[in-house]
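All heavy atoms count here, side chains included; hydrogens, waters and symmetry mates do not. Start at 1 and go down the list; that is how both ligands and their atoms are numbered.
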Amino acid sequence: MKTHVRVLVIGGGVVGVSTLYHLTKKGWRDVALIERTELTAGSTWHAAGLLPLFNMSYTVGQLHKYSVDLYKRLPAETGQDVSFHVTGNLRLATSRERMDEYYKYCGTANTIGVPFEVITAQRVKELWPLVELGGNADTPAIVGALYHPDDGHIAPADLTMALRKGARSAGAEVYEHTEAVAIERTASGEWRVRTAKGAEISAEHLVLATGNYARQTGRLLGLNVPAIPVEHQYIVYDESPELKAYRQRGGRELAVLRESDKSYYLREERMGWILGPYEKGAPARFADGVPEWFGRSLFPGDLDRLVPHVEAATRRVPALEHCGIKDIVNGPISYTPDGTPLIGPAWGVPNVWLNEGHSFGITAAGGAGWQLAEWIVEGEPGIDMLAADPRRFGPYTSKRYVVKKNEETYRNVFTVHFPDEERPDARPVKTSPVYDKLSARGAVWGQRYGWERANWFAPPGVARRDSWSFRRSNYFEHVGNEARLMRERVGVIDLTPFTKHEVTGPGAEAWLDRLVANKVPAKIGRMALSHALTVRGGIRSEFTITKIGEQHYYVVSAGAAERYDGDYLLKSLPADGSVGLRNITNSRGCFVLAGPRSRDVLAQLTDTPLDNTAFPWLTAQVIEAGLAVDVYALRVNFVGALGWELHFPVEYAHHLFDALFEAGAAHGIGMVGMRAMESLRLEKSYRMWGSDITPDYTPFEASLDRFVRLKKGAFIGREALERQQAAGVPNRFVTLEVHEVTDADPLGNEPLFDKGGRMVGRATSGYYGHCLQKSLAIGYARTELATPGTELAIEILGERKPATVLPESPYDPDNLQLRA
Ligand SMILES: Cc1cc2nc3c(=O)[nH]c(=O)nc-3n(C[C@H](O)[C@H](O)[C@H](O)COP(=O)(O)OP(=O)(O)OC[C@H]3O[C@@H](n4cnc5c(N)ncnc54)[C@H](O)[C@@H]3O)c2cc1C
């Protein structure tokens with residue numbers, strides 16, 4: 001065994017081996033993998049081998065597409081067959097909501113180039129003659145289906161062996177029966193791994209791809225990895241006479257069938273079937289680690305959980321009735337609280353990478369290995385990987401939280417994924433101090449990064465609940481009232497979850513300046529919207545940087561980016577101790593006070609002059625507000641109104657809240673939720689980090705040129721921006737008014753088309769602009785089509801709607817209200 005490699009992958013399932021393979025594809029040949037027993041011994045050996053291209057996520061969809069394409073070419077490349085049956089994949093729909101979900105997915109599929117067809121029930125019958133079209137209470141009528149002709153199923157062990165062959169032929173080493181039992185950092189900054197046999201191997205980079213063992217491997221490095229497996233079972237049936245007869249008549253292998261509304265999949269297996277349900281009540285396992293006795297074993301089958309799905313499947317495919325059950329396979333399947341894997345850097349430790357938490361790991365392995373290898377070798381991934389970045393979760397992912405969320409995610413694999421869905425389990429977990437006060441005002445809660453956030457406020461007499469939908473729903477009118485309140489009088493938004501860092505020390509300014517594209521404010525009381533870029537020039541983070549005092553900056557970013565940004569800032573700190581970094585997210589709350597009357601309200605709480613001369617737009621002061629001291633008042637907001645963000649020591653939350661409402665009563669003050677904020681910020685063309693601004697787009701593409709100072713000196717991403725400027729910016733940010741909308745506004749991830757029907761861009765967000773009374777989308781289009789007045793089309797739930805490019809900031813384009 002080698003004693004030193006450039007990258008050591010721990011874990012020989014399909015995901016680890018794919019990572020190894022892709023590292024060699026990137027030209028890194030001094031790489032090795034260790035596996036505690038034999039390759040595929042974890043979840044990989046018993047997987048059903050399905051490769052569904054369907055995924056609502058823009059990121060994961062791209063990974064799956066890459067995998068399917070790779071698996072088709074692997075046999076020719078490696079000489080190892082992988083038994084890829086390109087049968088196609090049929091997802092049935094028995095309701096309008098389900099068809100809406102499929103149509104919403106089609107928008108994403110279009111933008112990433114996944115082939116699909118939306119088909120009728122009649123066509124389902126042609127493709128799948130053994131299916132019953134239904135039409136009664138037990139077996140509802142099929143109203144349509146989504147068909148992917150390009151995917152199917154594969155032999156997971158063969159796939160792993162093909163990837164191993166490819167990796168080995170390029171120089172990679174694979175050591176089986178080699179378990180990592182201890183990991184330490186060497187004086188030179190490398191990682192030294194001790195194996196159960198007492199051998200040692202050191203590496204510049206470590207990849208953890210240990211499937212069900214993710215928590216115990218993470219613990220070797222002090223990481224609390226939010227991946228805990230859940231039981232997943234499938235039934236293997238004997239030969240089916242009907243299927244056999246159909247095949248003998250020359251019928252082609254049937255597509256993998258999914259009846260989403262009954263939560264199961266069905267595929268052919270040796271003239272019989274494999275039926276896999278996603279049941280209610282499937283328990284999480286191994287929250288404290290996989291016990292020694294488990295090894296390659298499975299759990300006993302649990303027929304009670306299977307029965308409802310077996311009955312539903314038998315009604316839909318009566319041929320199932322005539323074949324016996326050969327086997328039940330019940331194995332652990334790794335899950336994360338949102339069902340998306342953890343692919344990318346581990347937090348807090350350098351050069352440690354996770355490829356964990358895969359619940360569709362056979363499907364994702366190719367793409368996950370591809371992007372992780374890209375990230376390790378190039379320093380960043382080639383596509384926007386925010387949705388899979390392990391740092392999207394934070395320290396709040398306790399064991400019990402992960403168990404509850406993973407069980408919830410598992411049982412919801414097949415439920416309709418509404419865009420406004422807010423799942424209830426393990427909540428509330430993180431709350432603002434004024435949570436109860438907001439509840440008393442009718443808050444209807446959602447959750448992001450563990451934080452409860454009020455999505456909207458139900459007025460007295462209105463039920464505090466959502467009817468989730470792809471279309472305008474029960475809260476539409478109330479959200480509109482909140483938006484108008486903000487525009488016409490004064491509203492409060494509780495944005496306590498904001499990520500907040502304090503940056504201090506003699507090196508603070510120079511260090512921040514190198515991290516971001518904008519000029520860091522040099523004067524106390526000034527602030528700058530700033531973007532940290534990737535080396536390729538994409539936008540990795542957005543910070544509002546305020547100079548609070550000499551050598552003292554207050555850095556605010558998205559609430560969901562606490563660990564993502566915090567880790568980046570921490571890892572970028574200079575080694576000379578000239579910069580101090582403190583995460584103060586939980587010690588400061590934030591209320592946004594905005595609207596034309598906001599000055600009148602705040603003036604009652606403070607002696608600090610608030611007029612435009614004393615306190616102009618885009619400046620900050622440390623003020624007293626009511627009885628609260630040390631309040632950072634930032635004259636800026638995300639809704640485009642006169643107003644202040646008040647960032648206060650958290651112990652004043654109750655006092656400040658009450659004081660604002662007391663002072664605001666005469667001005668008609670009220671609470672405003674996240675959904676109204678979405679409407680308001682779209683009217684101002686404000687980009688949201690994570691959806692509208694991502695590593696896929698440079699600040700030039702995002703038309704944020706005014707926040708880029710190419711001449712200020714070196715900063716990360718500058719060279720890439722200069723190259724792009726010289727070559728021409730391929731896409732530009734657009735704001736669109738969408739016409740002919742009746743009840744379904746754009747929500748993001750919709751494709752844009754030109755007059756000739758060619759896809760020319762994508763919407764990244766959308767909502768109804770309640771004050772403008774327009775359906776709005778923002779996104780990216782090819783530069784030549786981004787000028788105001790251009791006529792495009794946008795596809796919303798399967799229908800193309802005309803859309804006009806508007807000038808930026810359709811509401812108050814001159815920012816008169818912000819400056820009022
Ligand atoms: C019943 C069932 C059906 C499934 N069907 C499908 C399907 O149809 N399609 C699909 O896409 N997915 C399916 N899956 C999920 C799929 O099996 C997993 O997502 C995938 O196998 C995960 O691969 P992995 O490499 O991440 O993990 P694993 O295959 O579990 O590999 C992890 C490896 O790490 C090794 N390891 C752990 N700790 C150490 C250590 N300290 N040192 C060295 N090695 C270590 C383990 O021995 C193991 O071999 C199914 C899962 C189950 C349970």
* Just jot down the side chain to side chain contact (heavy atoms under 4.5 Å, CB included) partners of Pro129, sequence neighbours excluded, or say none. => Tyr246, Leu254

* Which class fits the ring pair Tyr396 and Tyr401: parallel under 30°, tilted 30 to 60°, perpendicular over 60°? -> perpendicular

* **Option from His153, Arg267, Lys326 for which side chain to side chain contact (heavy atoms under 4.5 Å, CB included) with Ile274 holds** => Arg267

* Short N-O contact, Lys65 and Asp150, less than 4.0 angstrom -> no

* **Pocket residues of ligand 1, ordered first by chain and then by residue number (heavy-atom cut-off under 4.0 Å)** => Ile10, Gly11, Gly12, Gly13, Val14, Val15, Ile34, Glu35, Arg36, Ala41, Gly42, Ser43, Thr44, His46, Ala47, Ala48, Gly49, Leu50, Thr178, Glu179, Ala180, Ala209, Thr210, Gly211, Tyr213, His232, Tyr234, Gly331, Pro332, Ile333, His358, Ser359, Phe360, Gly361, Ile362, Thr363

* His22/Tyr66 aromatic ring centres below 6.0 Å -> yes

* Is the distance between the ring centroids of Phe414 and His309 under 6.0 Å? -> no

